[in-house]
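Within every chain, numbering begins at 1; the chains are lettered A, B, ... in the order of the sequence lines, protein sequences first and strands thereafter. Every value quoted in this text rests on a predicted model; they were computed, and no experiment measured them.
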Amino acid sequence: MKSPVTFRLNGSETAVFVDPGANLLDVLRRGCGDLSPKYGCGQGGCGACTVLIDGEPHVSCLVLAETVAGRSVETTGGLSNGPDLHPLQRAFIEGFAAQCGYCTPGMLMAAKALLDRNPNPTRPEVEEAISGNLCRCTGYEPIVDAILEAAKQRGAA
Amino acid sequence: MLEVQTYPTIGEAAGAMDDQARFLGGGTLIMNRVNYGDPRFNRIVRTTDASLAEIRVEGERLEVGAGVTMAAILASRDLDFLAPAARAVGGPAIRNMASVGGNLMAPHPYGDLAVALLALDAVVRMASGEELGLEDFLARRNGVVRSLLVRRPRGDEFRFRKVSRVKPKGVSVMSMAAHLTRSAGRLSGVRVAYGAMASTPVRVRAVESALEGVSLDHAGIAAALSAATEGLDPPDDPIASGWYRREVAPVHLRRLLLGEDAR
Amino acid sequence: MHAEYRKDLFADERSDDFDVVGKPVIRQDILGHVTGRSKFYDDHAFDGLLHMRCVRSPHHRARIRSVDSSAAERQDGVVRVLGGRDVPVNTNTLLSLINFGRDDEPLLATGKVGYVGQPILAIVATSVRAAQEAVDAVKVDYEELPHVLDVEEALKPEAPIVNDEYPNNTFDYFDTYDHQKLRFGDVETAFSRADHVVEGEYQMSPIEQAPIETCGAIAAPETSDRITVHTSTQALFFSVGVTAKQLDISSARLHFIGGTVGGGFGGKVDSHHEPLAALACLATGKPVKYMWDRAEEMQVGGPRGGERWRIKDGVMRDGRIIARAFTGFFDAGAYTRLSSYAVQKSTGHLPGPYSIPNVASNVYCVFTNRTPSTAMRGFGITAVDFAIERHMDKVARVVGMDPIELRILNAYRDGDMKAHRREAKNCALIESCQAVAHKAGWRLSADAARASSKTGGGEGASGVIPETVTDDEGRIGERRRSGLAPEPFSGQGTRGLLPEGHSSNNSSAFGNAPQREDMEAEIERLGFKGGPGAPPTPRGPVDEAASGARPTVPGETSRPAGAGGGPTLPAAYAQRPAGTVDQSIAQPPAQEPAAAEVESDSATTHFQRGVRRPGVSRFISGSRRR
């Protein structure tokens with residue numbers, strides 16, 4: 001009863017068989033071996049599983065996996081270009097924007113969606129962009145700072 | 001075992017529904033239930049019907065497809081009056097997924113957009129083509145929705161307010177919407193709706209009638225504020241107790257009606 | 001400034017050039033976090049991974065008349081249904097690993113349930129959905145029983161018994177009392193001469209830790225007949241010990257991998273996932289994952305327990321607090337877990353950072369039919385600190401005093417004797433208050449602005465243990481039989497009097513008698529070395545320590561300096577009768593080996609001696625094999 005789904009994952013053509021009703025998070029993690037999106041709630045409430053579908057953020061735990069057929073999915077696992085980190089990743093490292101690290105992949109994807117659309121966001125725009133992503137350790141200040149810093153660095157580059 | 005059935009048109013999808021099936025729109029409600037193994041259904045029905053994502057002008061009314069997302073509302077110039085309510089739903093990821101049709105079905109304390117649509121006297125067009133008022137639809141909440149029909153309010157007649165403990169994204173303590181139509185400088189035919197104050201979004205008729213013929217100022221709305229929760233029994237939930245909701249409702253109603261900023 | 005740091009441990013690995021303070025430091029694990037490659041427990045792939053879901057009680061308290069899982073067992077994908085009888089050692093208490101408390105909590109309930117969400121069966125299936133469908137197909141026949149959800153209701157004679165192991169609904173302290181006592185001085189006499197008696201009641205709700213990663217574990221068979229367990233635990237060795245105990249296997253067969261925790265905040269110490277996952281792994285020979293969903297995390301995960309505190313202060317007109325009595329209730333929920341310890345931790349914290357000559361407290365670890373509570377950031381301290389500081393404000397209002405000045409007046413100063421019979425050191429409340437006042441633009445009186453933690457401490461009575469009134473009320477069972485009030489000195493029990501200076505200790509290096517023989521501290525293992533040529537004591541600034549003198553405090557002249565010639569123990573550990581000249585800091589106990597012997601003691605010997613000590617759990621040793 002599995003059905004085949006073909007989509008682009010971090011730029012690579014990917015084909016996977018999915019169970020009926022399977023969510024995209026499970027398919028990415030178990031079917032494709034991309035463990036970067038995390039399970040936090042299965043309800044769309046925490047944002048730990050945030051991925052980009054055709055450039056827009058989605059909570060992958062609530063995406064019926066077969067609906068991504070033919071679309072492009074981006075995860076934190078594909079954010080860096082080999083050893084070259086994305087400016088967001090560098091800013092998170094330097095700004096102590098992660099503690100336990102569990103919310104980080106989802107935060108990065110939400111932030112990337114923002115910067116791709118709005119390269120020079122204001123602080124309230126950053127707060128709005130990550131408003132669906134919960135962090136329970138670090139607090140949001142260093143995360144917001146890091147996203148603003150990444151925008152600055154990217155503008156300078 | 002779960003089964004997923006995908007149909008090319010909304011009509012065919014509607015025809016496949018029964019009590020063991022759930023219609024999947026944006027996924028934010030149904031996939032949550034799937035993930036938690038809800039035993040009440042074993043079939044997911046969905047459609048690839050592109051018309052569901054359309055926003056069309058139909059005479060004096062706008063037709064908003066049931067599959068239009070909150071993000072699409074925010075991007076639409078025609079629907080700018082709904083933007084405050086659409087922005088109140090979830091974070092950006094949820095808004096990319098959550099649909100107008102789903103919002104009508106959202107269980108307490110969700111469904112902020114439906115509160116706005118209720119105050120605007122929206123009409124629900126079912127997959128069958130049948131039309132019924134949103135209030136009637138909310139009373140039975142079944143069937144597959146094709147679209148919503150809503151008239152654009154004039155000037156600053158429409159007000160929406162969501163009260164939550166966390167900003168910018170938080171679950172509703174309550175949401176409130178008012179369509180403040182006037183006649184000869186006085187309020188007339190006003191519609192007021194609340195969310196998270198009952199099991200579904202509701203109109204508040206006691207407030208509506210207390211606003212009939214009054215002027216929109218502190219003195220004029222005093223009677224409406226005292227009637228703010230008349231006939232309501234707000235629910236207790238982890239966000240707020242019913243008692244709390246009842247206590248603070250008049251304050252938020254005043255802010256809504258007079259367009260005051262929350263501090 | 002170049003300071004010399006304690007070098008008796010890890011001498012080769014520690015350098016003195018500490019230079020990181022004030023500089024940003026890149027976390028060593030952050031590259032994995034930002035690339036999504038950090039391995040949390042669920043970030044491991046296994047072929048044929050099985051999933052576990054639990055049948056849970058919908059009732060606060062009920063008898064289980066029968067469980068029928070036959071339909072569930074026949075369902076597609078179901079591999080195994082586990083119940084309490086399948087667990088070799090089903091009943092455990094977390095702190096049994098350090099011999100504290102009795103085993104009181106089943107891994108899977110049999111016979112009765114004590115809280116909503118308590119697991120009864122664990123179902124292992126090929127998918128989460130199949131496991132959940134099987135859970136839904138299990139029929140449990142419950143006889144619902146009366147329950148109690150409030151700590152003080154639970155103390156009443158008619159309250160239902162929550163936990164059969166503790167039929168009085170309170171944890172047993174020292175096999176004697178239904179509460180943890182603290183007695184210091186004579187609060188009753190002090191209340192009677194106080195100008196004001198100020199009372200208050202404060203409480204804190206349970207708080208869920210809510211880590212973003214839910215609790216869980218994956219147990220997988222290894223080719224070496226071991227079981228690998230990937231776990232979210234914050235307490236890897238608790239989890240190993242508990243799993244070895246409950247499965248009755250050697251810990252040598254358990255290969256636990258953890259340390260990368262997706263947020264814990266205390267909520268990941270309870271060690272329930274690992275034994276269940278490992279048990280299912282043993283039963284099926286397959287890798288098994290037991291992971292809570294968010295609803296379970298919120299409902300079943302042990303929260304910070306609720307607490308209720310009553311404080312009664314005797315206060316003089318000038319703001320001096322001369323007596324303080326506490327009655328505290330910790331809501332343990334249905335089972336002990338760490339609440340018994342939280343009570344002791346809070347008692348050690350009383351009466352807050354204030355020098356109060358008469359203190360008494362009764363603190364109860366109470367069983368109710370709520371979710372068992374557990375650790376969370378400062379548990380045992382947070383709520384009572386909230387209570388104390390709210391109460392200080394109330395006292396300030398009653399005596400008409402500035403609340404910050406009231407705190408400065410009563411604050412511990414270095415050298416003051418604390419209610420639990422240790423000397424206050426490195427005090428900084430006064431300086432903290434002054435800094436806060438300064439930053440807030442709050443004007444302090446000249447006296448308060450001049451005050452210092454380094455002066456005036458230990459003067460007169462504040463430096464000694466006072467004559468102390470004792471009592472024996474609240475013996476186990478007494479309260480429920482007679483409806484005794486929980487407040488200290490509320491009953492008619494036998495009173496006693498401990499002489500001034502009495503620290504209830506004649507044998508321990510720690511100043512208090514050990515609860516049990518095997519809990520006697522082994523001085524040499526703590527790094528305090530005696531004898532000529534011993535390294536300087538690690539406490540205090542190096543120049544004073546090296547001279548052998550007890551650090552002296554400006555303005556403190558009533559205290560003699562310790563004798564020179566090889567001090568070995570921190571002064572606070574020594575018994576120092578009041579009014580007598582402290583001839584020497586306590587000498588090491590006779591059995592303490594000379595330093596040279598300690599040096600020759602290999603780590604192995606230490607370990608073996610540790611596990612052979614009487615009363616220590618056999619499961620820690622790793623010597624048992626199955």
Side-chain angles (χ1 to χ4, degrees), chain A residues 10 19-23 26 28-49 51 61 75-80 82-83 85-86 88-109 133-138 146, chain C residues 23-49 51 76-77 126-130 132-133 207-216 232 234 259-268 289 291-298 376-377:
Chain A
N10 294 320
D19 285 321
N23 65 50
D26 278 346
L28 289 172
R29 289 176 57 82
R30 298 294 161 205
C32 307
D34 183 346
L35 296 164
S36 64
K38 305 296 178 197
Y39 171 90
C41 69
Q43 305 172 349
C46 76
C49 66
V51 302
C61 73
T75 70
T76 291
L79 191 53
S80 62
L85 298 180
H86 188 278
L88 277 165
Q89 291 173 311
R90 283 202 303 275
F92 269 55
I93 288 177
E94 281 155 23
F96 207 119
Q99 188 166 316
C100 84
Y102 202 77
C103 73
T104 310
M107 282 290 177
L108 286 167
M109 284 295 105
N133 296 72
L134 300 183
C135 165
R136 189 76 167 137
C137 340
T138 317
Chain C
K23 296 181 195 168
V25 174
I26 303 295
R27 295 177 57 97
Q28 52 92 14
D29 56 354
I30 202 165
L31 182 62
H33 292 349
V34 301
T35 52
R37 289 202 292 266
S38 296
K39 292 281 188 198
F40 296 90
Y41 79 91
D42 192 28
D43 295 338
H44 300 273
F46 293 94
D47 239 3
L49 182 68
H51 300 265
D76 275 354
T126 50
S127 70
V128 178
R129 188 172 177 93
Q132 184 60 47
E133 284 176 352
I207 300 172
E208 165 59 37
Q209 299 85 355
I212 307 294
E213 174 202 56
T214 58
C215 290
S232 66
Q234 285 175 263
T260 303
V261 179
F265 322 112
K268 288 177 176 168
K289 177 161 90 175
M291 179 187 209
W292 275 343
D293 61 29
R294 178 55 52 184
E296 288 172 304
E297 185 74 41
M298 302 303 282
M376 185 183 184
R377 292 188 162 185

For the student: nearest non-hydrogen atoms of [X] and [Y], plus distance:
X	Y	value
Gly262(C)	Cys100(A)	C-SG, 3.4 Å
Cys46(A)	Ile212(C)	SG-CG2, 4.2 Å
Val34(C)	Thr76(A)	O-CG2, 3.3 Å

With a 4.5 angstrom heavy-atom cut-off, which part of Ala48(A) approaches chain C: side chain, backbone, both or neither?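 Side chain only.
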With a 4.5 angstrom heavy-atom cut-off, is it the side chain or the backbone of Leu85(A) that approaches chain C, or both, or neither?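 Leu85(A) touches chain C through side-chain heavy atoms alone.
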Around atom CG of Asp76(C), are there more than 12 heavy atoms of other residues, nucleotides or ligands at under 6.0 Å?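 Check fails, neighbour count at 12 or below.
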Residue among Gln99(A), Glu94(A), Arg90(A) with most heavy-atom pairs under 4.5 Å to chain C: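 So the answer, after comparing Gln99(A), Glu94(A), Arg90(A), is Gln99(A).
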Can you tell me how far the [atom1] atom of [X] sits from the [atom2] atom of [Y], to the nearest 0.5 Å?
X	Y	atom1	atom2	answer
Cys41(A)	Met298(C)	SG	CE	10.5 Å
Ser36(A)	His33(C)	OG	NE2	14.0 Å
Ile93(A)	Arg27(C)	CD1	CZ	11.5 Å

List the steps, then state whether side-chain contact (heavy atoms from CB on, under 4.5 Å) holds for Phe265(C) with Cys137(A). CA-CA 9 Å; Phe265(C) 322 112; Cys137(A) 340; 3.8 Å; yes
Apply side-chain contact (heavy atoms from CB on, under 4.5 Å) to the pair Asp293(C) and Tyr39(A), showing each step before the final yes or no. CA-CA 9 Å; Asp293(C) 61 29; Tyr39(A) 171 90; 3.3 Å; yes
Test Thr104(A) against Ile30(C) for side-chain contact (heavy atoms from CB on, under 4.5 Å), laying out the working first. CA-CA 10 Å; Thr104(A) 310; Ile30(C) 202 165; over 6 Å; no
Does the salt bridge (charged side-chain N to carboxylate O under 4.0 Å, His left out) test come out yes or no for Lys38(A) and Asp43(C), once each step is laid out? CA-CA 9 Å; Lys38(A) 305 296 178 197; Asp43(C) 295 338; 2.5 Å; yes
When you measure from the side chain of Arg136(A) to the backbone of Gln209(C), do you find a donor-acceptor pair of N or O atoms at a distance under 3.5 Å?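 Pair found, side chain donor or acceptor close to backbone of Gln209(C).
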So which of Leu31(C), Asp42(C), Ile26(C) has the largest heavy-atom pair count under 4.5 angstrom toward chain A?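 Of Leu31(C), Asp42(C), Ile26(C), Asp42(C) has the most heavy-atom pairs under 4.5 Å with chain A.
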Taking side chain as everything from C-beta outward and backbone as N, CA, C, O, which of these in Thr35(C) sits under 4.5 Å from a heavy atom of chain A? Side chain, backbone, both or neither.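 Both parts, backbone and side chain.
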Toward chain C: residues of residues 28-35 of chain A with heavy atoms under 4.5 Å: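 The list, in residue order, reads Arg29(A), Arg30(A), Leu35(A).
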